Trainee: 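Next up is a structure, given as structure tokens.
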Amino acid sequence: MARIVLSPYIGYLIVQGDCGLALAGCVVFGLSDALDGYIARKYNMSSFVGSIIDPAADKMLMTVLTLSLAYTGLLPTVLAAVIVGRDVALSFAAFFIRWATLPPPKSLKRYFDLSIPSVEVRPTLISKWNTALQLLLMGTTLASPVFGMPADWIGLVALQWVTGGTTIASGIGYLFSKDAVHRLTKAEVAKRIPKPQNILPKKK
């Protein structure tokens, strides 16, 4: 939750021209993400809700970085539109798929109940590469004014083109890949729904 709150502040710093502090905030964000993942794996604290909140926090930071860097002219507007447009399209698709796969009875209350899973999204290989490239691009772009790197540096321009290409390819991949979206069976749903715990004392 702290990472979700931190994202808008990082965007504010970028818009205000304080890229150095914004870069430090991204480092803190990354360390926090890594620490959360380590704790969840070590102590088996993973949950369905966490599997949604964590990627949402990462995606929020990516969106904030994309928009704020484009606003300040550090990131090409067309590339920013491609990155954000892909995410918006996938979000609308996710809302539709969630409703279509929600176990009956369907209702808005059950729709927003994260304890009732209905579908599992499995990142494609190109999507994983795209995520890594986007992170590298945002970090490099944010660091460029801090370390005096020219905006037309050939390495940065090449990274922009590659990231744009993989962003489009990953979006298309989600639409046409049979393995990207897995509809959970009744047995799989039953396993993932937390069972109510009996808190009443047992009769002797």
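Keep in mind that what you see is a predicted model, and the values were worked out from it rather than measured.
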Trainee: Show me the pairs that pass salt bridge (Lys or Arg N to Asp or Glu O under 4.0 Å) and involve residues 153-170, at least two apart or across chains.
Mentor: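 Non-adjacent pairs meeting salt bridge (Lys or Arg N to Asp or Glu O under 4.0 Å): zero.
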Trainee: Under 4.5 Å between side-chain heavy atoms, chaining through other members, with only Ile, Leu, Val, Met, Phe, Trp and Tyr counted: pull out the rest of the cluster around Val78, sorted by chain and number.
Mentor: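 Members other than Val78 - counting any ILVMFWY side chain reachable under 4.5 Å - there are none.
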Trainee: Quick test of your reading: applying side chain to side chain donor-acceptor pair (under 3.5 Å), list the pairs with at least one residue in residues 137-166, sequence neighbours left out, ordered by first then second residue.
Mentor: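 Pairs touching residues 137-166 that pass the test: Asn130-Thr166.
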Trainee: Listing request: all salt bridge (Lys or Arg N to Asp or Glu O under 4.0 Å) pairs with a residue in residues 154-175, at least two apart in sequence or in separate chains.
Mentor: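 Qualifying pairs, neighbours excluded: none.
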Trainee: Is there side-chain contact between Pro145 and Leu74, with heavy atoms separated by less than 4.5 Å?
Mentor: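 Yes; the side chains approach each other to less than 4.5 Å.
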Trainee: Check step by step if side-chain contact (heavy atoms from CB on, under 4.5 Å) holds for Trp129 and Val162.
Mentor: CA-CA 10 Å; Trp129 276 103; Val162 173; over 6 Å; no
Trainee: For a 4.5 angstrom cut-off between non-hydrogen side-chain atoms, does Ile83 reach Met138?
Mentor: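 Yes - at least one pair of side-chain heavy atoms lies under 4.5 Å apart.
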Trainee: With Thr131, which residues qualify under side chain to side chain donor-acceptor pair (under 3.5 Å), at least two apart?
Mentor: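 For Thr131, no residue satisfies side chain to side chain donor-acceptor pair (under 3.5 Å) once neighbours in sequence are set aside.
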Trainee: Going by side chain to side chain donor-acceptor pair (under 3.5 Å), name the pairs with one or both residues in residues 76-86, residues two or more places apart or in two chains.
Mentor: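 Only Arg86-Ser170 qualify under side chain to side chain donor-acceptor pair (under 3.5 Å).
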Trainee: Same hydrophobic cluster for Met149 and Val157, using side-chain heavy-atom links shorter than 4.5 Å among ILVMFWY?
Mentor: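 No, because Met149 and Val157 fall into different hydrophobic clusters, even though each may have its own neighbours under 4.5 Å.
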Trainee: Members other than Val15 in its cluster, when Ile, Leu, Val, Met, Phe, Trp, Tyr link by side-chain heavy atoms under 4.5 Å?
Mentor: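 Tyr71, which link up through side-chain heavy atoms under 4.5 Å apart, make up the rest of the cluster.
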Trainee: Are Leu125 and Leu135 co-members of a hydrophobic cluster defined by side-chain heavy atoms under 4.5 Å apart?
Mentor: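 Result: no, two separate clusters.
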Trainee: Please enumerate all residues that pass side-chain contact (heavy atoms from CB on, under 4.5 Å) together with Cys26, with sequence neighbours excluded.
Mentor: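 Result, side-chain contact (heavy atoms from CB on, under 4.5 Å) vs Cys26: Ile10, Leu65, Leu142.
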Trainee: Report the hydrophobic cluster partners of Phe92, with the cluster defined as I, L, V, M, F, W, Y residues connected by side-chain heavy atoms closer than 4.5 angstrom, directly or transitively.
Mentor: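 Direct or chained contacts put Phe92 with Leu67, Val84, Val88.
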Trainee: Quick one: closest heavy-atom pair of Val64 and Ser7, and the distance?
Mentor: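 Residues Val64 and Ser7, closest heavy atoms: CG1-O, 3.3 Å.
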Trainee: Among Thr66, Asp87, Ile168, which residue meets the side chain to side chain contact (heavy atoms under 4.5 Å, CB included) test with Val82?
Mentor: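 The residue from Thr66, Asp87, Ile168 that satisfies side chain to side chain contact (heavy atoms under 4.5 Å, CB included) with Val82 turns out to be Ile168.
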Trainee: With sequence neighbours excluded, what pairs up with Ala143 under the side-chain contact (heavy atoms from CB on, under 4.5 Å) test?
Mentor: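 Ala143 satisfies side-chain contact (heavy atoms from CB on, under 4.5 Å) with Leu23, Phe147 once adjacent residues are dropped.
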Trainee: What's the spacing between Ile126 CD1 and Ile172 CD1 if we round to 0.5 Å?
Mentor: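 If we round to the nearest 0.5 Å, Ile126:CD1 and Ile172:CD1 are 10.5 Å apart.
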Trainee: Mind jotting down which residue pairs meet the salt bridge (Lys or Arg N to Asp or Glu O under 4.0 Å) criterion with at least one end in residues 14-30? Sequence neighbours excluded, please.
Mentor: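 Output for this query is empty, none listed.
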Trainee: When you compare the side chain of Leu137 with that of Leu156, does any pair of heavy atoms fall below 4.5 Å?
Mentor: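 Yes, side chains in contact.
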